[in-house]
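For reference, the structure discussed in these notes is given below.
A quick note: this is a predicted structure, and the numbers were derived from the prediction, not measured. Letters go in sequence order (proteins before strands), and every chain restarts at 1.
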Amino acid sequence: MIGTLLRIQWTRLRRDRVAQTLTFVVPVVFFSIFALIFGTTGNGKTPSIRLAVVDEDRSAVSKRVLAALGREDGLKLIREAIPRNSAPNTPRVPIDRERATSMVQDGDLAVALIVPKEWGKYFPDFGQEGPEMELLADTSNPVAPQMTFGLLQKVAMGGSPDLMMEKGLKQMESAGSGFELSTKQREQMTTMLQQLRSSAEAADKEAAAGTNAASASVAAEQGGGAINVKKVDVLGAKKTNPAIAFYAAGIAVMFLLFTCTATGGSLLEEAEDGTLERLLSTRLGMTGLLMTKWLYIALVGVVQITVMFVWGALVFGLELWSHLPGFIIMTTVTAAAAGGFGMCLATFCRSRGQLNAISNIVILTMSALGGSMVPRAFMPEGLQKAGLFTFNGWALDGFLKVFWRERPLWELWPQVSVLVALTAVFLWLARRLARRWETV
Amino acid sequence: MTAVLNIRNARKSFGANQALSGASFELRERELLALLGPNGAGKTTLIRAIAGRVRLDDGEIEIFGEKVDEASRRRLLAVVPQELALYGLLTARENLSGFGRLNGVSPEHIRDKVAWALDWTGLADRADEPIGSFSGGMKRRLNLACSVLHEPKILLLDEPTVGVDPQSRENIYDMLGKLRAGGMSLMVTTHHLEEAEARCERIVIIDHGSVVASGTLPELLEKTVGHLRAVTLTLDRPMPNGPAGCESADHGRVWHTKIADVAAELPGLIQRVQAAGCRVENIEVRSPNLQAAFIALTGKALRE
């Protein structure tokens, strides 16, 4: 009996491609996406953080520390950029404090490092006497500032041992503790400092030539606090609950897609139960039917997003009321595009079962790549760009411009344009695909 | 009676499959016409073509003697689909109201029309219940009502009684009778041949995409199996030599024959059996029926 039943179940699975896809393909697809996001590309390296650096000090020390920082695999230093609001082919210029701040605010980068004037003079600043480095951070990416801070301490300790020792001795001598080197000791110390400096410079050259001096960094990882860094939250400092904006937008867009696809699936149900045939025999016509359904789905989407954000505002302190115009714009265009997406997918699929399988794969993939599940800032640069090929990527960017970056409304034009264009494309495709139900 | 619907030489192919190959017939005013045929004969394609949902490759469809545009076709003609094309989460009233409006009933008239339909279908006391809990027969009646609220002149019904009990069938045909009395012309497809035989004035039989016979039941019988009654005699013991013109079965215990006049010919038949020393245990006389004519026209081979 059990054997017969097992055989029947297995035969059904063998003949049901949708079930096979959901059982075997979907998990592998998602495993691959998350492996790409969190495990990079399989080489075991952490994805690089793009760090804008502004060296206002321009001392030998600051240059040396920044050069060491630039050799870290985990960082990619950006020193030049095209001036803001310039044409794309405008020559790049060195980044200054203002440009660095705007780059972080605009979401071009998660972190920027400002080395203030006279910083090198006090390095290593164990006594916290000199000016602090400033780490401008977009705290929507909590990893980037922490990692930059850690790597800064590492290169300070490991990349400049001569400076550290020299400074240490000076501080001991000036502390009035009675400690003073003899002439011979000072000569030996000077020789030793020269050797350390030579060694550090040789490491610099080797690293520059591609052979990283890994040994220099081992001791540094055990230290900390050689560089005083002030973290400046350029976006979320004034927000009551900054992370909520991300989760609200991410989850709202993902579930909007599920809702719209499920609602669009009513078309397939109607085709299967004969209601569609009856509807098409009325005065409505296919275009009228599709447009009515799209309008309904879009309205449901607007209500769904609104309920979610109002809940976020009431319970989690999401700053909805102060961002209402941007919210209305983004919600409208996002729901319209999601409605079009739902109609497109529903008309593409031949059955409700097929729609369920395909929508699960497509929506979860887009949500993963587009940042609904994991902020795109956490992803490797390539995947961040891939996210722009997803519906979620554009919708989320728009919502985050409103709630996180607080950009003026007119700056939403790229997102609004793309979503409106997607709406038109989705509806056009849906209309084409729906021809199969029309007069044959 | 004048023809309200004329189909002439209707042809339609789907790829290599020829669904209609020159079908021609007419539906007359206020009549109930049965469109019969084996599975795959082309009935559904024909109904969809008449409803404007299939574009013919060749042939003509005229309504009231004219080729009408889509708007006129929708106003004059309605289809009751075989599927229960209703919204299960809506109530009977909501389904009627929705489909009535989509079929062009004006907002000021829809209330009265729905009230009429609820009364006509016998669903007035369940009007505000979601139809998910309705029986098959109730849904069938509602399915029918949703197509006629705009008062079309011609109604095409695709298997209107499939899956319902005899009481519901009676009810549905009573409802159709009221529509005819109101001036509507009806065409039904069905596999219940006894229904067609008992209820419909004329019958059209279609096979392989074309009409193989049409007319009243007597006309069809005359064209196919004739008017002879089939007689089966069951005896108490085998009879070695039966009467002339009889065929034996069950080793001479059962005898089949055909007679034109039962009153005149049956007594003589019984006397001949008794004269042979046998006793008649049972006599079965069958009139020629639509089933026999249908099989004679379309054959016994399965079509699917």
Do NZ/NE/NH1/NH2 and the carboxylate oxygens of A:E277 and B:R48 come within less than 4.0 Å? yes

Give a yes or no on this: more than 12 heavy atoms of other residues, nucleotides or ligands lie within 6.0 Å of atom OH of A:Y296. no

Give me the contact list for residues 131-147 of chain B versus chain A, heavy atoms only, anything under 4.5 Å, ordered by residue number. B:N143, B:C146, B:S147

Are there more than 12 heavy atoms of other residues, nucleotides or ligands under 6.0 Å from atom CZ of B:F64? yes

A:Y247 OH: over 12 foreign heavy atoms closer than 6.0 Å: no

Do B:F99 and A:T275 make a side-chain contact, defined as non-hydrogen atoms from C-beta onward lying under 4.5 Å apart? yes

For B:L86, is it the side chain, the backbone, both, or neither that has a heavy atom closer than 4.5 Å to a heavy atom of chain A? both

Rounded to the nearest 0.5 Å, how far apart are OG of A:S281 and CG of B:L102? 11.0 Å

Tell me, side chain or backbone of A:E269 under 4.5 Å from chain B's heavy atoms, or both, or neither? neither

If you count every heavy atom of other residues, nucleotides or ligands that lies below 6.0 Å from A:R436 atom CZ, does the total exceed 12? yes

Can you find a pair of side-chain heavy atoms, one from B:R101 and one from A:T282, that are under 4.5 Å apart? no

If you count heavy-atom pairs under 4.5 Å between each of A:L276, A:L279, A:D273 and chain B, which one has the most? A:D273

Measure A:R283 against the heavy atoms of chain B and call it side chain, backbone, both or neither at under 4.5 Å. both

B:L89 atom CG: more than 12 heavy-atom contacts under 6.0 Å: no

Closest heavy-atom pair and its distance - B:R53, A:W437: NH2-O, 2.6 Å

CZ/A:F255: more than 12 non-hydrogen atoms of other groups inside 6.0 Å: no

